[in-house]
Amino acid sequence: MSQFTPEPTDNTSIATIRTLAADVVGKANSGHPGAPMGMAPVSHVLFTRFFNANPKNSKWFNRDRFVLSNGHACALQYILLHLLGYKLSMDDLKAFRQLDSLTPGHPEAHHTDGIEVTTGPLGQGFANGVGLAMAQAHLGAVYNRPRFDLINNYTYVFTGDGCLMEGVASEAASLAGHLQLGNLIVIYDDNHISIDGDTAVAFTESVEQRFLSYGWQVLHVNDGDHDLAAINGAIVAARAEKNKPTIICLKTTIGYGSKQQGTHGVHGSPLKADDIQSLKSKFGFPPDQKFYVPKETYDTYHAAALRGAKLESQWNSLLAEYAKAYPKEHAELTRRISGKLPEGWEQNLPVYTPADPAQASRKLSELVLTAITPTLPDLMGGSADLTGSNLTKVKGTVDFQPPSTGLGNYAGTYIRYGVREHGMGAIANGLHAYGGIVPFVATFLNFVSYAAGAVRLSALSKHQVIWVATHDSIGLGEDGPTHQPIETAVHLRAIPNLDFWRPADGNETSAAYLVALKSTQTPSVLSLSRQNLPNLEGSTIERAARGGYVLYEVANEDMTIVSSGSEVPIALEAASLLKKEGINVRLVSLPCWSVFDKQDEQYRLSVLRSGAPILSLEALATTGWQKYSHEQYGLPAWGASGPYLKVYEKFGITGPNIAVISKKVIAFYKQKGGQVVSPLIKAL
């Protein structure tokens, strides 16, 4: 396809995209018409001449991936999906940004057929695209064989000035250049406009020099409004470069055809009615006819869809031949594509007894990864330059690196993310979105905050990303308040569809991995200790997998202490001290609130039952524990620097002091009188 052949329908199809963008945003009276109008030519060339996908089966595994990183152009993606014949009708376009429509304000994966990743927050889609490209490189290296180039798709990303200003895009672009991802093609809508106006006010760097320094191929199209041959040629050159990602700097006019073209006035506001009519007249369309699509436009995109269907049919035949030649690899690949884990993998999870030595839960996490990795080729992950602290690299695993570096190969499963937490999280979303991969990422719990935007989109998009978040409290000691994540757990526990685990021992750590790996549409954060934790009497994988359970039971209790993670042994010590004084205290371990909340009501009320006051204990902020306890003990402010036992003592989180606190709570509720009702009943 190196030779560009213009088609008689090209101009009509481009005009269709531009006028539909104006109508879609105009009817909603909300949205961004400018970028879709400016990028109509490149969209048309890409989707009618290069892009390989089958709208009748949007999950064909070897389809090209498309990411609209600049969410301001969301109407563009919906228009293209409609024209190509995805499950998006004209009525859906007319319902843009309306409640419960298939065309929400920004593209959402799992909501609209054909959307690969959820975008909107700028820069996230760029990094997702890097993850998608990494996934293709990895799975291709693992499963492709001579004569069987099964996994060879491209990832195309549309990006804009706003995305390139975001740090997450810079982090991802830097790593993509290092990894030499020749399957990644980014098309930069260089229209010099952002919401505040001309980019001259804030964004004057040389994008070309920046990306050249990252190791990218940089191409230019100086007239993205008209020069279809140049656009075609740039995409051809990008596809030909196998050892570098490519960014095509495409000069466009935002809102092309509008009376306000080239200004920020067309960026984020609907066109006025007279402007839309003028636009349609300019392109020879009926000015009073809304949502007009000429038959030749539908025919053009139908032909592109048929090409994709034919390609999938050919690929299915190739896959069938592959099954005969490589039955073992075929079985594993198709299992991974289906999203199922190998049968019986959970039998490899480590099981502990109190006789086993105390270990940090970060070390227990390493033991889990060591035990399950040989039977779970789906696992692919790494650390943000903290491998030796996070303990995430299993011995014998190979780094995911370009073969030319001598540091590993694309079949490798361990990713060296560098100090790029935000980019790491967003890339992991792309890895999971591709399919066949369960990504894990690692850093200190405090630095998950750097990646908050990506974590939020993991949860919203149902990406199964597992965060190994070590050094999770004041227990990290000497590094002090700058590294001690007092408030981080509150934030993460508040995110819908995210499981925040804080295991207290080995069995609870195994349980956290068990549930995280079975939760195919939920991300998980495993909050792990630096300090050693004893293996507890009464803990089991099965019990901990319910998110909360009674670790130490007594009848006619005077109080229940509910705790998580490294403070559970401290609560147990307090209960033992109180028992010597004739005070009966139950102990509940609550490693994961969200999983516990999903248990049936009878079970939850049996764990946090009525009849006695409940005190929560955690070496973090106490916000949120009110749902599970009557009184809370934790950190009122920042932590402190020093040996961890001294820091715990400073804040009164010791067995003897919690025993004193417990007696005060018991006395208060006895003086108050009346029945003490479970806090869960009040919550219900």
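Just so it is clear, the model here is predicted, and its values are computed rather than measured.
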Before you tell me yes or no, could you show the steps for E581 and K663 under salt bridge (charged side-chain N to carboxylate O under 4.0 Å, His left out), namely the whole-Å CA-CA distance, both residues' side-chain angles and the distance that decides it to 0.1 Å? CA-CA 10 Å; E581 299 183 39; K663 287 190 283 187; 3.1 Å; yes

Under the side chain to side chain contact (heavy atoms under 4.5 Å, CB included) criterion, do F444 and R362 qualify, and how do the steps go? CA-CA 10 Å; F444 290 176; R362 62 173 175 149; over 6 Å; no

Checking side chain to side chain contact (heavy atoms under 4.5 Å, CB included) for the pair V554/L587: CA distance, chi angles, key distance, verdict? CA-CA 9 Å; V554 297; L587 179 58; over 6 Å; no

What do the steps show when you test T392 against Y414 for side-chain hydrogen bond (donor to acceptor under 3.5 Å, both in side chains), and what is the final call? CA-CA 9 Å; T392 40; Y414 194 75; 2.9 Å; yes

Would L617 and V562 satisfy side chain to side chain contact (heavy atoms under 4.5 Å, CB included), going step by step from the backbone distance to the final call? CA-CA 6 Å; L617 173 64; V562 58; over 6 Å; no

Begin with the C-alpha distance, continue with both residues' side-chain angles, and end with the deciding distance and a verdict on side-chain hydrogen bond (donor to acceptor under 3.5 Å, both in side chains) for S458 and N429. CA-CA 6 Å; S458 290; N429 289 342; 2.4 Å; yes

Verdict with reasoning, S361 to S529, per side-chain hydrogen bond (donor to acceptor under 3.5 Å, both in side chains): CA-CA 5 Å; S361 53; S529 73; 3.1 Å; yes

Checking E573 against S576 for the side-chain hydrogen bond (donor to acceptor under 3.5 Å, both in side chains) test, could you report, in this order, the C-alpha distance in whole Å, the side-chain angles of both residues, the deciding distance, and whether it holds? CA-CA 5 Å; E573 180 188 0; S576 299; over 6 Å; no

Worked verdict on S589 versus S563 for side chain to side chain contact (heavy atoms under 4.5 Å, CB included): CA-CA 5 Å; S589 179; S563 187; over 6 Å; no

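Using a cut-off of 4.0 Å between Lys/Arg side-chain N and Asp/Glu carboxylate O, R609 and E557 are scored as salt-bridged. Salt bridge annotation for R493-E618: present, with a cationic side-chain nitrogen under 4.0 angstrom from a carboxylate oxygen. With respect to the salt-bridge test (charged N to carboxylate O, under 4.0 angstrom), the residues R502 and E508 do not qualify. The residues D597 and K627 are annotated as salt-bridged, a charged nitrogen and a carboxylate oxygen being separated by less than 4.0 angstrom. The residues E343 and R335 are annotated as not salt-bridged, no charged nitrogen and carboxylate oxygen being separated by less than 4.0 angstrom. Ion pairing of R604 with E601 is absent here, as no side-chain N (NZ or NE/NH1/NH2) approaches a carboxylate O to less than 4.0 Å.
Put simply, the side chain of N535 gets close to the backbone of P357: a donor and an acceptor are under 3.5 Å apart. With hydrogens and angles ignored, the 3.5 Å screen pairs a side-chain donor or acceptor of Q632 with a backbone N or O of S629. In this structure, Q464 contributes its side chain and L517 its backbone to a donor-acceptor pair below 3.5 Å. The backbone N or O of P350 lies less than 3.5 Å from a partner atom in the side chain of S510, making a donor-acceptor pair. A side-chain donor-acceptor contact under 3.5 Å links D356 to the backbone of T353. Remark: the backbone N or O of F400 is not paired with any side-chain donor or acceptor of H138 at under 3.5 angstrom. A donor-acceptor pair under 3.5 Å is formed between the side chain of D505 and the backbone N or O of L536. Between the side chain of N497 and the backbone N or O of T522, no donor-acceptor pair lies under 3.5 Å. Of the possible polar contacts, one joining the S473 side chain to the G475 backbone as a donor-acceptor pair under 3.5 Å is found.
Counting heavy atoms of neighbouring residues, nucleotides and ligands inside a 6.0 Å radius, atom CD of Q671 does not exceed 12 of them. Other residues, nucleotides and ligands contribute more than 12 heavy atoms inside 6.0 Å of the CD atom of E478. Crowding of Q626 atom CD: a count of heavy atoms from other residues, nucleotides or ligands under 6.0 Å exceeding 12. A 6.0 Å sphere centred on NZ of K395 holds no more than 12 heavy atoms belonging to other residues, nucleotides or ligands. For N556, the CG atom counts as loosely surrounded, since its 6.0 Å shell holds 12 or fewer non-hydrogen atoms of other residues, nucleotides or ligands.
Of the candidates V465, V455, V448, V441 forms a side chain to side chain contact (heavy atoms under 4.5 Å, CB included) with just one, namely V465.
No cation-pi contact links R530 to Y644, judged by a cut-off of 6.0 Å to the six-membered ring centre and 45° from its axis.
Taking the centre of each ring, Y549 and F596 stay at or above the 6.0 Å mark. Aromatic pair W625/W593: ring centres closer than 6.0 Å. For H483 and F447, the gap between ring centers is short of 6.0 Å.
Inspection of the T470 and N390 side chains reveals an N or O donor paired with an N or O acceptor under 3.5 Å. Between S566 and Y648, the side chains place a donor N or O and an acceptor N or O closer than 3.5 Å (distance only, hydrogens not considered). A donor-acceptor pair shorter than 3.5 Å cannot be found between the side chains of Y417 and E171. S594 and D499 share a donor-acceptor pair across their side chains, judged by distance under 3.5 Å alone. A side-chain donor-acceptor contact under 3.5 Å links R336 and Y143. S365 and Y513 share a side-chain donor-acceptor pair at under 3.5 Å. For the 3.5 Å distance criterion, the side chains of Q675 and S610 fail to qualify, holding no donor opposite an acceptor. A donor-acceptor contact closer than 3.5 angstrom links the side chains of Q124 and H422.
Smallest separation of non-hydrogen atoms from A489 and L620: CB-CD1, 3.7 Å. Of all heavy-atom pairs spanning A426 and A127, the tightest one is CB-CB, 3.4 Å. When all heavy atoms are compared, the tightest approach of S527 to L445 is OG-CD2, 3.5 Å. For the residue pair S641 and V647, the shortest heavy atom distance occurs at C-CG2, 4.3 Å. In plain terms, the two heavy atoms of G388 and L391 that are nearest each other are O-CD2, 3.3 Å. Between T443 and L386, the closest heavy-atom pair is OG1-CD1, 3.6 Å.
Within the model, atoms OG1 of T397 and CD1 of I415 stand 11.0 Å from one another, a figure rounded to the nearest 0.5 Å.
The side-chain heavy atoms of I653 and Y633, taken from C-beta on, include a pair separated by under 4.5 Å. The closest side-chain heavy-atom distance from L132 to V130 is not below 4.5 Å. Contact check for I474 versus F651: side-chain heavy atoms found under the 4.5 Å cut-off. For the pair Y552 and R586, the minimum side-chain heavy-atom distance is 4.5 Å or more. With a 4.5 Å cut-off on side-chain heavy atoms, P104 and T112 count as touching. Side chains of K664 and F668 form no contact here, defined as non-hydrogen atoms less than 4.5 Å apart. No side-chain heavy atom of L572 sits less than 4.5 Å from a side-chain heavy atom of V568. Residues H471 and N446 form no side-chain contact, since every pair of their non-hydrogen atoms from C-beta on lies 4.5 Å or further apart.
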